[in-house]
Amino acid sequence: MNYTNLDKIAAWTKLQSLAPAGKNFNFASLLDAERVKSCTVPMAGSLVYNWAAKVADEPILAALQALADEQELIGKYRLLLDGEVMNTGEKRMVLHHLLRGQSGNNVVYEGKDLGEFYKKELDRFSVFAELLRAGKIKGSTGKAFKNAVQIGIGGSDLGPRAMYIALDNWAVKNGRKKINAYFISNVDPDDPSAIVSSLDLSETVFILVSKSGTTQETLSNELFVKDKLSRASLDPGKHIVAVTSETSPLARNPAYLDSFYIDDFIGGRYSSTSAVGGVILSLAFGPDVFAEFLAGAHEADKNALEKDIRKNAALLDALLGVWERNFLGYPSTAVLPYSQALSRFPAHLQQLDMESNGKRVNREGGEISYVTGPVVFGEPGTNGQHSFYQLLHQGTDIIPLQFVGFEDSQRDDDVTVDGSVSQTKLKANLAAQIVAFAKGKDDADKNKFFPGGRPSSLIHGKQLCPAALGSLLAHFENKVMFQGFVWNLNSFDQEGVQLGKILTKKVLSGNSGDGALDAYSALLGIKI
């Protein structure tokens with residue numbers, strides 16, 4: 001397999017030659033009803049990817065297909081599925097796809113069938129969740145559990161939290177919700193205090209999530225929770241479950257009600273389909289709902305093996321993003337879900353994208369001379385329209401937009417005002433924004449002039465359900481993976497988060513050896 005920097009392949013030169021025309025892409029003349037209908041790619045979970053409002057015509061698409069072929073993107077994806085070491089920095093396999101189904105050969109490590117290992121853990125926490133939901137596993141006073149609180153940070157919080165919020169209304173409407181879920185992540189004591197003080201601890205189970213078993217923020221919050229449980233005369237050992245690796249200090253620890261395992265081949269930001277997300281989602285909504293979520297992700301993973309970019313939504317999305325970042329020079333991208341259920345999804349995608357592809361060296365450690373991952377941000381519509389859309393419409397930077405929308409709300413609880421229900425108003429806003437960004441508006445008053453030419457894509461479906469959510473999650477995971485392959489990056493480590501951790505330990509040791517570090521610590525009231 002050939003691993004080459006993007007600017008060293010033939011497609012680089014071809015795409016550069018197309019870029020000036022791309023920057024002047026005439027949305028007003030090309031964005032019509034026929035284009036909107038034809039520029040679509042079916043996705044798993046009954047979703048559809050629409051790229052009609054993207055800066056792309058046939059010559060550009062042909063060049064992007066050539067790029068995908070030259071960089072052997074599907075071949076590299078197959079190697080990843082088959083257990084090739086793709087995390088070159090940490091010399092590890094990358095196996096989050098294996099969590100939701102076998103799409104390649106069996107993956108065996110040191111005599112251990114990892115597919116079977118993940119399936120065994122899925123079965124174990126599914127049984128645990130069923131028993132707890134049925135009231136057969138109780139707290140230390142004999143009360144059934146009504147609440148579950150996840151303690152974790154980064155990938156142990158952002159993805160699972162976003163997925164829980166995304167399915168909460170759907171589960172309530174469909175009678176699938178049994179346990180209320182909450183999340184503690186920040187080492188700021190106000191975070192755990194607000195959650196713990198609001199719950200009856202005798203009816204609450206805590207899920208401690210740390211793959212290494214050494215995460216400072218998570219262990220600090222565990223001690224906070226244990227102290228509160230003890231003060232309430234409750235046995236912490238009957239109220240805490242661990243999700244960790246088999247080699248961590250938390251593993252097989254009798255101080256926990258139970259322990260469920262992942263391994264080093266599952267990166268934190270890719271762990272929502274592991275026990276990291278599976279335990280809390282199965283407790284809240286039931287193992288069957290989590291299974292539907294996994295099935296949607298698995299179907300999306302299979303679809304991502306298609307070589308034709310016009311039939312592979314994740315691959316096409318990735319390549320259009322590379323086109324915008326490297327050849328049109330756009331520095332950011334906004335994720336704009338017109339669904340309150342996806343209110344925390346942009347925050348998860350921030351970590352997924354920026355931690356994966358926020359790199360300045362290639363997978364072998366060599367410096368690269370082109371830009372890589374964009375800044376990712378977003379908020380749900382229509383809230384974002386009243387926040388930062390001013391800059392998106394009339395600012396000096398062009399920021400590509402990724403919209404997500406659904407025909408139906410999750411609760412089916414609505415009211416008619418001025419001739420239409422709120423869900424219709426939401427969808428009307430979404431359609432209007434896509435066209436407004438693309439076509440703009442001419443006006444003699446320059447303050448009211450909209451330049452247009454703001455590209456966007458739309459992922460849409462009937463309703464946000466577990467299978468659709470799994471498809472949506474896998475789409476973006478695979479998009480980020482493909483972009484990393486294009487840029488010749490290692491998208492699966494995160495050295496950028498380590499330096500601050502090291503300096504924090506120096507501060508807490510009382511002997512940092514750095515005058516500036518000591519001075520800033522003193523400003524914050526830390527006694528050195």
Side-chain angles (χ1 to χ4, degrees), residues 121-122 124-157 159-161 164 178-189 191-262 268 271 274-285 287 290:
E121 292 306 305
L122 170 61
R124 285 207 313 117
F125 69 70
S126 295
V127 171
F128 175 83
E130 289 283 22
L131 292 173
L132 189 144
R133 285 165 59 86
K136 295 179 181 179
I137 296 176
K138 296 181 171 64
S140 56
T141 64
K143 289 185 178 180
F145 290 112
K146 295 181 179 178
N147 312 300
V149 180
Q150 181 128 321
I151 306 171
I153 197 167
S156 299
D157 169 71
R161 189 193 295 248
Y164 171 77
K178 183 79 173 179
I179 303 289
N180 294 311
Y182 305 86
F183 296 83
I184 294 172
S185 59
N186 203 332
V187 75
D188 182 339
D191 188 15
S193 179
I195 297 296
V196 171
S197 64
S198 68
L199 301 175
D200 182 342
L201 297 184
S202 68
E203 300 174 340
T204 303
V205 61
F206 293 87
I207 305 161
L208 178 68
V209 184
S210 173
K211 184 167 61 178
S212 67
T214 61
T215 310
Q216 182 192 78
E217 297 92 338
T218 301
L219 296 184
S220 294
N221 283 328
E222 179 196 16
L223 293 177
F224 186 101
V225 165
K226 282 184 172 179
D227 178 67
K228 296 298 183 183
L229 288 167
S230 296
R231 288 174 181 269
S233 300
L234 300 172
D235 179 1
K238 294 187 179 297
H239 288 263
I240 302 179
V241 173
V243 175
T244 189
S245 68
E246 291 185 293
T247 58
S248 93
L250 306 180
R252 296 177 181 84
N253 191 325
Y256 301 117
L257 184 60
D258 210 334
S259 299
F260 304 104
Y261 300 112
I262 57 172
S271 66
S274 74
V276 172
V279 174
I280 189 122
L281 294 177
S282 296
L283 287 174
F285 308 133
F290 187 63

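- Here the straight-line distance linking atom CD1 of I153 with atom CG of L219 works out to 11.5 Å at 0.5 Å rounding.
- In terms of heavy-atom proximity, I207 sits nearest to V243 at CG2-CG2, 3.8 Å.
- Scanning all heavy atoms of the two residues, the minimum distance from T218 to G152 falls at OG1-CA, 3.7 Å.
- Taking the side chain as every heavy atom from C-beta outward, L281 and P160 never approach each other to under 4.5 Å.
- A distance of 4.5 Å separates OG1 of T204 from CG of L199, quoted to the nearest 0.5 Å.
- Summarising the geometry of A275 relative to I262, their closest heavy-atom pair is N-CG2, 4.1 Å, with the distance given to 0.1 Å.
- L132 has its side chain within reach of I179: a pair of non-hydrogen atoms, C-beta onward, lies under 4.5 Å apart.
- The salt bridge (charged side-chain N to carboxylate O under 4.0 Å, His left out) test with D200 singles out one residue from K146, K228, K143, and that residue is K143.
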*Could you walk me through whether Y256 and V241 pass the side-chain contact (heavy atoms from CB on, under 4.5 Å) check?*
CA-CA 5 Å; Y256 301 117; V241 173; over 6 Å; no
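- Sorted by first and then second residue, the pairs that involve residues 236-245 and meet side-chain hydrogen bond (donor to acceptor under 3.5 Å, both in side chains), not counting sequence neighbours, are S140-H239, T244-S248, S245-T247.
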_What verdict does the side-chain contact (heavy atoms from CB on, under 4.5 Å) test give for Q150 and V276, after you've listed the backbone C-alpha separation in whole Å, the side-chain angles of each residue and the deciding distance to 0.1 Å?_
CA-CA 9 Å; Q150 181 128 321; V276 172; 4.2 Å; yes
*How far apart are the C-alpha atoms of L229 and I240, what are their side-chain angles, what is the distance that settles it, and do they pass the side-chain contact (heavy atoms from CB on, under 4.5 Å) test?*
CA-CA 10 Å; L229 288 167; I240 302 179; 4.3 Å; yes
*Verdict with supporting geometry, E222 and S210, side-chain contact (heavy atoms from CB on, under 4.5 Å)*: CA-CA 11 Å; E222 179 196 16; S210 173; over 6 Å; no
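- The number of heavy atoms from other shown groups lying within 6.0 Å of NZ (K138) is above 12.
- Between I151 and F224, every side-chain heavy-atom pair lies at or beyond the 4.5 Å cut-off.
- Looking at every heavy atom in both residues, S259 comes nearest to R252 through OG-N, 4.2 Å.
- Going from atom OG of S230 over to atom CG of L201 covers 10.5 Å, rounded to the nearest 0.5 Å.
- For the atom pair NZ of K211 and OG of S271, the computed distance is 7.5 Å after rounding to the nearest 0.5 Å.
- If you take OH on Y182 and CG on N147, they are separated by 5.0 Å, rounding to the nearest 0.5 Å.
- For the pair I195 and F183, the tightest heavy-atom approach, listed with the atom from each and the gap, is CG1-O, 3.9 Å.
- Minimum heavy-atom separation, V279 to F260: CG2-CD1, 4.0 Å.
- Side-chain N or O atoms of N186 include none that pairs as donor or acceptor with a backbone N or O of D191 at under 3.5 Å.
- Between L257 and F128 the shortest side-chain heavy-atom distance falls below 4.5 Å.
- Distance check: I137 CD1 to L283 CG gives 9.0 Å after rounding to the nearest 0.5 Å.
- With Y164 contributing its side chain and I280 its backbone, the two residues share no donor-acceptor pair below 3.5 Å.
- Between L208 and F206 there is no side-chain heavy-atom pair separated by less than 4.5 Å.
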